[in-house]
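The next block holds one structure in the form of structure tokens; read it before the comments.
All heavy atoms count here, side chains included; hydrogens, waters and symmetry mates do not.
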Amino acid sequence: MWDRFAASDPGLLRLTAGVRTVSAIALTLVVLALLGTGVNHMVAGAMTAMTATFAVKDKLVRDQAVTLALGLPVSLVAMSLGALLTSQVVAGDLFFIALIFGAVYCRRFGERGTALGLIGFQIYFLSLFVGASTAALPELCLALAVGFGCSAVVRFGVVPETPQRVLARLRDAFRTRLAQLVSVQIELLDAGPEQLEKVLDDMRRRTARLHETALMIQGRLEEGTSDADKAALLQRRVADAEIATERLGMLLLNARSVESADTLTLHLPHAPVPLTGDWRPAEDDATIALRRDLKALHLLVSRPAARDGGTAVAHIRNRLLGYRDEEKLPSAPSGIQDAFRGIGEAARSVLGLRLALDGPQDESDDSPATTRSREEFDAEDIALASSETPGDEERAGLRRPTTRAAFQVSVGSVLAMVGGEFLSSQRWYWAVLTCWVVFLNTASTGEILVKGYRRLLGTLLGAVAGVALAGLVGDHTWVSFALVLVFIFAMFFTAPLSYAVMSFFVTAMLGLLYTLLNSYSFDVLVLRIEETAIGAACGVIAAVLVLPVRTDRRTDELLGTVLERLGDVASAAVEQLSGGPASDLLGKARSLDTALDELRDSTNPLTYPITPLRGRRQTVRYLVALLETCAYHARSLAATAELVPHSKTVAADPRLHRAGQRIAHNIEVLGAHVEDEGAKGEVESGATIASTLRDDGSGTQPSGTVTFRVLRHLQRLDEGVVGLARPLDVPVADRAESKAVRG
């Protein structure tokens with residue numbers, strides 16, 4: 001059960017954030033209660049502790065301490081100015097706008113600049129919320145100091161967190177999610193027609209979760225490992241395990257089909273079952289052995305290396321790694337044999353991951369196949385050299401995202417102030433807060449529109465809950481504080497999952513805070529909804545009118561990046577498969593995954609359920625599905641190409657060079673059309689990759705060549721790239737016809 005929970009919250013990042021924030025608030029409330037402060041100041045201290053806890057996101061502990069120390073004077077200045085300017089309406093509004101601009105602009109200075117800007121904004125907002133005055137300023141400053149102090153105690157003492165500890169938990173989550181994916185692949189082997197679609201949906205979902213965890217590990221490697229070489233090695237082993245297990249699922253899908261499965265749109269959620277033949281679970285000897293070895297692989301994956309006592313696990317590992325040798329494969333149809341090969345490669349990736357994580361292990365029970373795998377890993381480790389990743393081009397002036405966002409938020413906040421004042425001269429700041437929030441972590445007009453809608457929906461539902469809870473709690477102060485803590489935990493735990501749900505808990509919590517401040521009424525909560533609507537609308541207006549970044553323009557930029565990196569991975573992999581020089585293929589593949597994730601996030605406004613452009617939504621989903629499929633096959637090519645320089649059983653094939661030329665040409669044509677719709681060039685289609693490589697007319701490839709292993713991936717990548725031409729409106733020419741025209 002704990003493994004399941006750890007897999008649902010990789011690295012326990014959401015649990016840690018919730019527990020740390022609630023603990024800091026609870027400790028602050030206890031200290032302030034012992035000091036005999038009033039409820040208003042307890043609320044101020046609690047909200048300060050919350051801000052100081054969630055705003056500081058530096059990865060290294062020493063950086064967190066510095067940012068937290070700098071945050072206290074920033075908060076004291078913000079609270080003091082809020083109290084001093086409370087009676088100066090014009091000056092206060094002008095300062096608030098300047099503060100908003102500076103807080104957003106400071107994001108360009110990294111995590112520390114983002115945190116200090118957020119602290120300054122939130123504390124000034126807090127001064128408006130609690131009605132700060134110069135007379136109460138000493139006690140408010142004391143509450144702020146207590147809040148920061150308690151946040152530091154919890155962060156560094158009660159709930160300590162280090163990059164190494166986070167990375168270790170992420171690795172455990174990766175292992176668990178890997179085991180869950182193998183488990184659903186076992187179900188895939190036995191699923192009948194009525195269960196098949198559900199099993200495939202589960203496999204898609206668990207594959208996506210495994211990929212998510214792999215990317216999270218990549219983001220924590222630099223701080224969580226002792227040196228760059230070890231980080232690069234671990235990244236490579238994680239990518240190996242992810243690719244090998246994902247490929248195993250595809251091979252099983254083909255193995256259980258009478259004909260080859262059409263997996264071009266398999267990554268698309270709710271896609272039709274990708275089979276062209278009948279689904280016939282079999283009970284022959286080969287299938288029984290396949291089911292047995294899948295269960296053995298599940299045991300090997302799910303069992304930590306520390307529990308590998310005895311010879312049983314070594315015996316299982318040796319048997320599975322033996323399937324990397326052709327003579328060890330059982331007599332069965334080619335699809336079943338491919339599945340056994342997939343099990344062998346998956347077992348190899350698990351061995352490599354354990355060596356990278358836990359160091360050398362007992363080799364006394366190794367079989368020749370296991371010894372050969374270890375030698376391959378040793379050769380790879382020696383050949384591995386750290387390389388710096390080139391940084392993104394730095395944009396200057398108004399093209400820099402932080403500068404553009406600062407102007408947008410400032411203009412939106414001015415509009416929100418004016419609109420909020422028309423609704424209420426006392427609580428106009430809620431409109432400004434909403435305008436500020438909808439710009440956080442958004443990069444296009446569409447994203448801002450969707451985020452504003454989600455916040456309004458969550459606020460509406462939360463207001464209803466706040467009315468009910470405020471009526472039930474009444475004057476029970478500590479019951480209210482306890483419920484506030486519960487809602488704050490829920491707010492942080494659900495924030496990465498659903499912005500609307502998080503907004504629900506925020507608004508419900510505010511209803512209780514208003515009760516504590518003796519300012520609760522039904523009209524106040526209705527006003528909260530109205531101010532939220534005004535703030536969201538002003539944010540959208542500012543995003544549309546001030547230095548706008550249209551969603552389609554941003555998606556086109558990201559699509560061009562994805563195609564460029566897809567071409568880099570495919571070309572480099574084919575070059576190495578052909579016998580060319582070795583390169584960091586898995587690093588290139590991970591860069592492709594990162595770009596694809598950014599593209600997927602940017603298309604969310606276009607695929608949102610309420611979008612009126614239904615046809616466009618289907619086109620975008622189809623395009624992303626094809627890109628995900630192409631990325632999968634490119635990753636598989638890269639993983640196989642990594643084996644060639646060090647393998648003793650798989651030889652390079654120079655013929656693959658010409659097979660990759662068509663793929664590279666087509667990707668280049670697609671990228672040119674994305675960048676410039678008037679670009680010339682056509683995507684070439686025609687004979688299959690297999691037919692262009694056959695030597696004897698049989699179409700089969702010798703098992704000792706790498707072509708035998710990568711032919712399906714090359715074919716699928718070629719088909720996927722050609723398939724991208726239709727949604728991108730790029731002309732397609734048959735290869736034979738184009739040659740005739742040129743002739």
Side-chain angles (χ1 to χ4, degrees), residues 78 81-82 85-86 88-107 114 117-118 120-129 398-460 463 499-500 503 506-507 510 523-551 553-554 605:
L81 289 173
L85 296 175
T86 185
Q88 306 294 324
V89 177
V90 176
D93 290 351
L94 291 176
F95 174 77
F96 201 10
I97 295 299
L99 176 62
I100 289 171
F101 180 90
V104 178
Y105 186 80
C106 283
R107 296 179 196 172
T114 301
L118 183 58
F121 172 85
Q122 290 291 135
I123 299 302
Y124 190 85
F125 172 84
L126 176 62
S127 71
L128 300 175
F129 180 73
L398 296 178
R399 294 179 65 243
R400 182 182 285 117
T402 51
T403 305
R404 183 180 60 248
F407 279 104
Q408 288 178 325
V409 177
S410 299
V411 172
S413 298
V414 171
L415 297 176
M417 281 184 181
V418 175
E421 286 280 3
F422 278 111
L423 291 176
S424 171
S425 60
Q426 300 296 320
R427 295 186 174 87
W428 53 269
Y429 45 78
W430 288 119
V432 178
L433 177 67
T434 300
C435 181
W436 159 278
V437 168
V438 297
F439 275 95
L440 293 177
N441 301 319
T442 53
S444 68
T445 304
E447 293 179 31
I448 292 170
L449 180 61
V450 170
K451 192 170 185 180
Y453 163 77
R454 288 173 173 169
R455 184 168 183 85
L456 182 59
L457 177 63
T459 300
L460 179 62
Y499 187 72
S503 299
V506 169
T507 307
L510 289 173
D523 293 337
V524 167
L525 291 179
V526 171
L527 179 63
R528 165 87 168 120
I529 297 173
E530 294 173 341
E531 296 281 3
T532 299
I534 287 289
C538 292
V540 172
I541 292 172
V544 171
L545 298 180
V546 181
L547 305 173
V549 177
R550 296 179 56 187
T551 303
R553 191 181 80 185
R554 173 168 169 76

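- Taking 4.5 Å as the limit, every side-chain heavy atom of Met417 sits out of range of all side-chain heavy atoms of Ile534.
- Nearest heavy atoms, Ser127 versus Gly82: OG-CA, 3.5 Å.
- Between the CZ atom of Phe129 and the CD atom of Gln122 there is a distance of 11.5 Å, given to the nearest 0.5 Å.
- Considering CG of Leu449 and CZ of Arg454, their distance stands at 10.5 Å, rounded to 0.5 Å.
- Leu118 places a side-chain heavy atom less than 4.5 Å from the side chain of Trp436.
- Using a 4.5 Å cut-off on side-chain heavy atoms (C-beta onward), Ile541 and Val544 make no contact.
- The two residues Arg107 and Thr114 have their closest heavy-atom pair at CA-OG1, 3.5 Å.
- Residues Val506 and Arg528 share a closest heavy-atom pair of CG1-NH2, 4.1 Å.
- Here the closest non-hydrogen pair linking Thr434 and Ala536 is CG2-N, 3.6 Å.
- In this structure the side chain of Leu128 reaches within 4.5 angstrom of the side chain of Trp428, judged on heavy atoms.
- Rounding to the nearest 0.5 angstrom, the gap separating the CD atom in Glu531 from the OG1 atom in Thr459 is 11.5 Å.
- In this pair, Phe96 and Tyr124 present their aromatic rings tilted. The plane angle is within the 30 to 60° band.
- Taking the side chain as every heavy atom from C-beta outward, Phe407 and Val104 never approach each other to under 4.5 Å.
- Minimum heavy-atom separation, Ser410 to Phe101: OG-CB, 3.2 Å.
- The two residues Ala416 and Gly535 come nearest to each other via the heavy atoms CB-CA, 4.5 Å.
- In this structure the side chain of Leu510 reaches within 4.5 angstrom of the side chain of Trp430, judged on heavy atoms.
- Under the 4.5 Å side-chain criterion, counting only non-hydrogen atoms from C-beta, Arg455 is in contact with Thr532.
- Between the side chain of Ser424 and the backbone N or O of Gly420, no donor-acceptor pair lies under 3.5 Å.
- Between Val432 and Ile100, the closest side-chain pair of non-hydrogen atoms falls below 4.5 Å.
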